[in-house]
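What follows is one structure encoded as structure tokens, with my remarks underneath.
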Amino acid sequence: MPASKSRAVHQEAGPVTLQHVADTAGVSRATASRVLNGSSRIVGSDLADRVMRAARSLRYVSNAPAQALARSRTTVVGMIVHAVDDPYFSAIAAGAMRVAADNDLLTMLANTFRDPEREIDYVARLRAHRALGLLLVGSGFTDESLTGRLTEQLTDFAANGGRVACVRHQSLPFDTVLPENRRGASQAAELLLALGHRKIGILSGPSGLSTVEHRLGGFRDTLHAAGVHVPDDAVVTADFTRDGGYAAMVELHQRHPDRTAVFALNDPTAAGAMAALREELGRSVPRDVSVIGFDDVPTALDLTPALTTVRLPLEEMGERAMRLLLDTSAPGPRTVRVKADLVVRGSTAAPRT
């Protein structure tokens with residue numbers, strides 16, 4: 001039967017199956033499967049060409065769940081992030097997905113909306129779908145019970161042949177890319193002290209995240225060592241977004257209108273703070289208030305003035321994490337520490353006397 005006529009018959013009857021491809025190519029179903037599903041058994045080039053031509057003519061699409069059952073694994077890597085609309089996570093995801101694509105893997109991106117229960121649930125679901133690996137990108141939790149439940153799910157996943165890597169605080173017994181959050185925040189504090197700031201406010205992040213704990217701790221500890229005290233009510237919680245930073249900056253100003261510098265725990269929060277100072281509070285950056293962020297997302301350069309921030313090599317972090325996940329040559333857990341570097345731009349200056 002001509003391929004075009006065969007295709008029309010199959011389309012009328014329903015989805016094209018592997019058996020249809022085998023019949024069109026004049027080979028057994030097992031031979032067609034070996035060609036299309038990547039079997040280690042060698043098929044002659046003539047037969048393989050016939051099968052591939054038949055598959056193309058019929059527009060055959062392989063059954064991924066069936067392949068997963070046959071192989072015990074798919075070619076899918078699950079990547080779980082806290083907030084896909086946050087440029088921090090999108091940059092890390094871009095680096096990781098580039099490495100996955102280079103290795104002919106499909107990346108499935110899941111967004112938890114910073115909900116720890118959702119993160120645990122996503123791990124269980126990806127395990128059920130027989131994902132090849134899991135890459136967790138985001139802060140760890142300070143709640144030990146949540147960390148314990150997540151560890152259980154990941155341990156079961158790994159015990160069944162799955163691969164796990166993380167970009168987060170080193171609280172899980174798996175390969176980890178670990179950014180120097182505490183040291184980076186300390187550098188931000190050192191800059192403000194060197195410029196002469198003593199009346200400093202902090203725009204913090206969501207509670208319960210180890211990233212917030214480390215950045216906040218590194219900043220306050222450095223100030224404390226220099227004899228500078230930040231009152232508790234000069235630390236305002238934001239939700240790590242531009243709008244959250246805007247609202248938090250207004251609240252901080254209402255409590256402490258004398259602040260000459262503000263440290264925001266991520267760049268979107270810093271961008272919101274700068275907007276609030278300019279649009280609602282009538283303050284100039286850096287003439288009236290200096291602002292420092294964290295992460296150095298691409299938009300930090302586009303702010304006016306450009307944002308002083310702590311740089312993390314975000315795409316590189318994603319690349320390194322995915323390589324850890326794919327590299328099974330060395331025993332784990334392995335930790336790759338990533339240096340944080342302060343980048344001084346126009347949003348910071350000495351306070352006016």
Side-chain angles (χ1 to χ4, degrees), residues 82-83 86 88-89 114 116 136-147 150 166-172 176-195 197-241 244-245 248-249 251-252 255-256 259-270 273 290-297 307-314 317 335-343 348:
H82 282 192
D86 186 324
Y88 171 88
F89 293 106
R114 293 195 171 89
L136 271 66
V137 182
S139 175
F141 308 121
T142 57
D143 186 320
E144 292 184 1
S145 65
L146 289 171
T147 300
L150 178 61
C166 312
V167 180
R168 61 193 297 147
H169 170 54
Q170 195 178 19
S171 60
L172 299 173
T176 301
V177 172
L178 184 64
E180 293 184 343
N181 285 313
R182 185 178 291 274
R183 176 59 191 140
S186 178
Q187 291 178 57
E190 289 168 355
L191 173 64
L192 293 182
L193 291 171
L195 289 172
H197 291 281
R198 297 297 181 269
K199 297 177 180 179
I200 300 169
I202 302 173
L203 305 185
S204 187
S207 62
L209 299 179
S210 59
T211 295
V212 172
E213 182 180 88
H214 293 170
R215 293 182 182 183
L216 183 60
F219 188 78
R220 296 189 80 168
D221 288 350
T222 300
L223 293 183
H224 179 75
V228 176
H229 174 65
V230 179
D232 288 343
D233 65 348
V235 181
V236 183
T237 298
D239 61 5
F240 272 170
T241 64
M249 185 66 240
E251 184 176 344
L252 174 62
R255 297 179 186 178
H256 292 276
R259 299 295 96 173
T260 64
V262 173
F263 173 51
L265 267 60
N266 79 343
D267 288 345
T269 302
S290 289
V291 178
I292 299 183
F294 205 115
D295 294 328
D296 196 28
V297 301
L307 180 65
T308 294
T309 187
V310 178
R311 173 182 292 163
L312 291 174
L314 301 176
M317 287 162 55
T335 299
V336 175
R337 297 185 180 274
V338 177
K339 185 179 179 182
D341 294 302
L342 182 69
V343 181
T348 48

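The chain is numbered in sequence order, starting from 1. None of the values given here were measured: they were computed from a predicted structure.
- In summary, D239 and R114 do not engage in a salt bridge, as defined by a charged side-chain N under 4.0 Å from a carboxylate O.
- A salt bridge (Lys or Arg N to Asp or Glu O under 4.0 Å) check over residues 223-233, counting only residues at least two apart or in different chains, returns the pairs R220-D232.
- Looking at every heavy atom in both residues, G201 comes nearest to R259 through N-CD, 3.6 Å.
- Under a 3.5 Å cut-off, the side chain of T348 and the backbone N or O of V291 do not form any donor-acceptor pair.
- With sequence neighbours left out, F263 forms a ring pair (Phe, Tyr, Trp, His ring centres under 6.0 Å) with F219.
- Proximity of F294 to L312: side-chain heavy atoms (C-beta onward) are separated by under 4.5 Å at one or more points.
- At distances below 3.5 Å, at least one donor-acceptor pair connects side-chain atoms of T222 with backbone N or O atoms of G218.
- A search for salt bridge (charged side-chain N to carboxylate O under 4.0 Å, His left out) contacts involving D143 returns nothing, not counting sequence neighbours.
- The salt bridge (charged side-chain N to carboxylate O under 4.0 Å, His left out) search around D296 returns R311, R345, not counting sequence neighbours.
- Taking the side chain as every heavy atom from C-beta outward, R198 and L193 approach each other to under 4.5 Å.
- A side chain to side chain contact (heavy atoms under 4.5 Å, CB included) with R215 is found for exactly one of L209, N266, I202, namely N266.
- Here the closest non-hydrogen pair linking A188 and I292 is O-CD1, 3.7 Å.
- When all heavy atoms are compared, the tightest approach of L223 to A189 is CD2-CB, 3.9 Å.
- For the pairing with D295, the side chain to side chain contact (heavy atoms under 4.5 Å, CB included) check across D267, L265, D86, V310 returns one residue only, D267.
- Atoms CE and CD, from M249 and E251 in turn, are 10.5 Å apart once rounded to the nearest 0.5 Å.
- Here the side chains of P206 and V212 are in contact, with some heavy-atom distance below 4.5 Å.
- Contact annotation: the side chain of H224 never approaches that of D221 to less than 4.5 Å [non-hydrogen atoms, C-beta and beyond].
- Taking both residues in full, the closest heavy atoms of A238 and G244 are given as CB-O, 3.6 Å, listed atom of the first, atom of the second, then distance.
- Taking 4.5 Å as the limit, some side-chain heavy atom of L136 sits within range of a side-chain heavy atom of L172.
- The ring pair (Phe, Tyr, Trp, His ring centres under 6.0 Å) test applied to H197 returns no partner, not counting sequence neighbours.
- Atoms OG and CG, on S145 and L150 in that order, are 11.5 Å from each other to the nearest 0.5 Å.
- For T237, the side-chain contact (heavy atoms from CB on, under 4.5 Å) criterion is met by no residue, not counting sequence neighbours.
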